[in-house]
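As structure tokens, the structure follows; a few thoughts come after it.
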Amino acid sequence: MSGGRNYHNRRKRTTHFSQLIMPQYLWKIGGEAGFGILTTGTFFSKIASRLGYFIFDYIQYPSLIRGGHNTYNVGFSDEPVYSLKQTINMLVCLNKDTYTFHKDKLGSNSLVLYDKDEFEIEDSIIKLHIPLKKTLSDLKGQVVMKNTIALGASLALLGADISVLHELLVSQFGRKGDTVVNFNKQFAEAGYNYVLANYKEHVKPLLVKRENTPQLVISGNETFSLAASVADCRLYVAYPMTPSSTVLTVLAGWQGKTNMVVRHAEDEISVINTALGGSLAGVRTSVGTSGGGFALMVESISFAGIAEIPIVIFLAQRSGPATGMPTWTEQGDLLFAVHAGHGEFPKIVLAPGDNDEMFELTIKAFDLADIYQVPVIVMSDMLLSESHRSLSKDLVEKHMKEYKPNRGKQINKIDQSPYLRYRITEDGISPHLVPGAEGAYYQSNSYEHLEDGHTTEEALDRINQVDKRARKTQTYLMSHFSPPIVYGDMDSAEIVFVAWGSTKGPVREAQRLLQEKGKKTALLHFIHLFPMSKEMVLPFFNKEKRYILVENNSTGQFGKLLRMELGVDLKEMILKYDGRPISMEEIVNSILK
């Protein structure tokens, strides 16, 4: 791992890059867990989106039910936002910890909103007192209403129309009646009007209405849920485990519209075996989990491999090992996913880098699972799963209208007598008969088998079935494997970044900054991780370039995978593994220092 640069202890201030960053405005709110930080941050993102801006947001919180320090970051721009910058333009401090923990990320023109009746700030910065405590007392509100006051004040400083916030309050509390809606509105208006009355010189028209194509404000988990519904998934089973948990709650809430059966099983072993039963019976199924939950599923992944049962597994990574840091991000499970299961059998591993890819790759995952009758693992992480980003409404509606499931060789009646569930075929894929067809019987269990499914331990039969299953890999590589997506010009680039998953965003933003510094770069972004085609991928590495691997882990796992699969040895790495996403500034610093 020579040449690797690690940033797990980086605390250095990087505001000197603020003048280079694309027109992204970063708003950050912080306070104690349990007091509405998530709701307020989501509201801000939705407001920015409704006003015609692209957004990217991310929440950070400890694994506590109550207490601890929570923050919500929202970046908005009139251009797509791929990752959050480090320099904060507006910091909303609902307690002193927020200022203490994040003041080193303030620039010279940053605004800090706080209540001087609760704590003082001695530093020479642009600090704006918002009377949160007094307003709560005057309007007889609970502590949680501080967020609404602060949100109103923030919108005023950005020149936004408060009516958009009013619309959101109606949609959030309308079922509880006008009294509740109006009660909330008065706190937002108090913060909004206080700014207009006292800080007009700081008001800038940065969040005024503009024209844009309709965008959804949606998290990675919600995007997976939406794509699974579009892909005609009929059974989703899970046991809650951060950061995959919200897929379960989202899909459960949609059951009335999708007719999907959503089951909260007693543990992850039951989760995957329930799903495999549903898949064997002929419906598309999926499970969702993280870390230790995925570990419990591994034996049944092998079962899916030998019984050739399609299944889509959503693996949302977090910082491990064991419980690790369960509410923080990391890309530490790649090699585990690739090698999950005992014995040798084909599987497919995909990794979207943003919501657009999450939507399209998830739909593709269900098709691939059916076509090849294998487990397909869709890898996410905390950053991608729980961040919100703009997703084109047109893209979603297009797929909803035009998508038709590819069920591969699934059949509902016998196409050849006698029916052989595990028939030896040239492409390695046997016709899959949905159980219940008249006059057809077969076994499907965890043992090695003959073509008709009966158990065998004969050497030649074993070789024939192992080889048959293995041929699926070559069929996939020839028919459905996708090479890396190139961002930038490979021919003129002096630096080529290599990335997968959510590191795509920070690298793309870093490319913008480096271009302004006169550095020509390209990005090889991998979405199909395993298996990998030598013929399609090796040509990208046969160039005299400076290749740099970027990953959110400590060992460069994707680099190891490239070396194992292709013989490509990447010497230079930018790695981060403190639970926080790697930032564009950290990438740029590593190049320019």
Listed by chain and number, what are the ring-ring contact (aromatic ring centres under 6.0 Å, His included) partners of [X], not counting sequence neighbours?
X: His388; result: none
X: Phe345; result: none
X: Phe314; result: Phe224

*Would you please indicate yes or no on a ring centroid separation below 6.0 angstrom for Phe558 and Phe526?*
yes

Nearest heavy-atom pair of [X] and [Y]: which atoms, and what distance?
X: Pro375; Y: Ala304; answer: CG-CB, 3.9 Å
X: Met532; Y: Leu562; answer: SD-CD2, 3.7 Å
X: Ala238; Y: Tyr236; answer: CB-CE2, 3.6 Å
X: Lys347; Y: Ile301; answer: CE-CG2, 4.4 Å

To the nearest 0.5 Å, what is the distance between [atom1] on [X] and [atom2] on [Y]?
X: Met573; Y: Ser590; atom1: CE; atom2: OG; answer: 13.5 Å
X: Gln24; Y: Arg512; atom1: CD; atom2: CZ; answer: 9.5 Å
X: Thr289; Y: Met241; atom1: OG1; atom2: CE; answer: 5.5 Å
X: Met358; Y: Leu226; atom1: CE; atom2: CG; answer: 11.5 Å
X: Leu106; Y: Ile125; atom1: CG; atom2: CD1; answer: 6.0 Å
X: Asn109; Y: Asn89; atom1: CG; atom2: CG; answer: 9.0 Å

Applying salt bridge (charged side-chain N to carboxylate O under 4.0 Å, His left out), can you list everything that pairs with [X], at least two apart in sequence or on another chain?
X: Lys398; answer: Glu402
X: Lys472; answer: Glu308
X: Asp356; answer: none
X: Arg318; answer: none

Under the side chain to side chain donor-acceptor pair (under 3.5 Å) test, residues paired with [X] that sit two or more places apart:
X: His399; answer: none
X: Glu565; answer: none
X: Thr503; answer: none

Got [X] and [Y] here, is their nearest side-chain heavy-atom distance under 4.5 Å?
X: Leu524; Y: Phe541; value: yes
X: Trp254; Y: Ser229; value: yes
X: Phe44; Y: Leu155; value: yes
X: Glu222; Y: Thr246; value: no
X: Thr329; Y: Arg580; value: no
X: Tyr577; Y: Glu551; value: no

Are a donor atom and an acceptor atom from the side chains of [X] and [Y] found within less than 3.5 Å of each other?
X: Trp328; Y: Gln60; result: no
X: Ser154; Y: Trp27; result: yes
X: Ser380; Y: Ser385; result: yes
X: Asn552; Y: Lys576; result: no
X: Asp427; Y: Thr425; result: yes
X: Ser387; Y: Asp57; result: no
X: Gln511; Y: Thr521; result: yes
X: Tyr53; Y: Asn212; result: no

_For a side-chain hydrogen bond (donor to acceptor under 3.5 Å, both in side chains) check, start with the C-alpha distance between Ser219 and Glu386, then their side-chain angles and the critical distance, and finish with the verdict._
CA-CA 6 Å; Ser219 70; Glu386 296 212 347; over 6 Å; no

_Apply side-chain contact (heavy atoms from CB on, under 4.5 Å) to residues Leu91 and Leu111 and explain how you reach the verdict._
CA-CA 6 Å; Leu91 180 62; Leu111 305 179; over 6 Å; no

*asked:* Working note: Lys571 + Asp569, criterion salt bridge (Lys or Arg N to Asp or Glu O under 4.0 Å); need CA distance, chi angles, decisive distance, verdict.
replied: CA-CA 6 Å; Lys571 299 293 186 183; Asp569 190 11; 2.9 Å; yes

_Strictly by salt bridge (Lys or Arg N to Asp or Glu O under 4.0 Å), give each pair with a member in residues 360-380 just once, sequence neighbours left out._
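Checked against salt bridge (Lys or Arg N to Asp or Glu O under 4.0 Å) - neighbours excluded - the pairs reaching residues 360-380 are Arg284-Asp367, Arg284-Asp370, Asp370-Arg407.
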
*Please, which pairs that meet salt bridge (Lys or Arg N to Asp or Glu O under 4.0 Å) have at least one residue in residues 498-507, sequence neighbours excluded?*
Asp354-Lys504, Glu357-Lys504

*Full working for ring pair (Phe, Tyr, Trp, His ring centres under 6.0 Å) between Phe336 and Phe294*: CA-CA 9 Å; Phe336 180 31; Phe294 182 72; 5.2 Å; yes

*asked:* Using the rule given for salt bridge (Lys or Arg N to Asp or Glu O under 4.0 Å), can you reason through Glu572 versus Arg546, listing the C-alpha separation, both sets of side-chain angles and the distance that settles it, and then say yes or no?
replied: CA-CA 8 Å; Glu572 193 168 357; Arg546 180 184 174 190; 2.6 Å; yes

*Run the numbers on Tyr61 and His69 for ring pair (Phe, Tyr, Trp, His ring centres under 6.0 Å), then give the verdict.*
CA-CA 6 Å; Tyr61 56 94; His69 182 60; over 10 Å; no

*Hey, does the Lys NZ or Arg CZ of Arg389 hover above the aromatic six-ring of Phe56, less than 6.0 Å from the centre and inside 45° of the axis?*
no

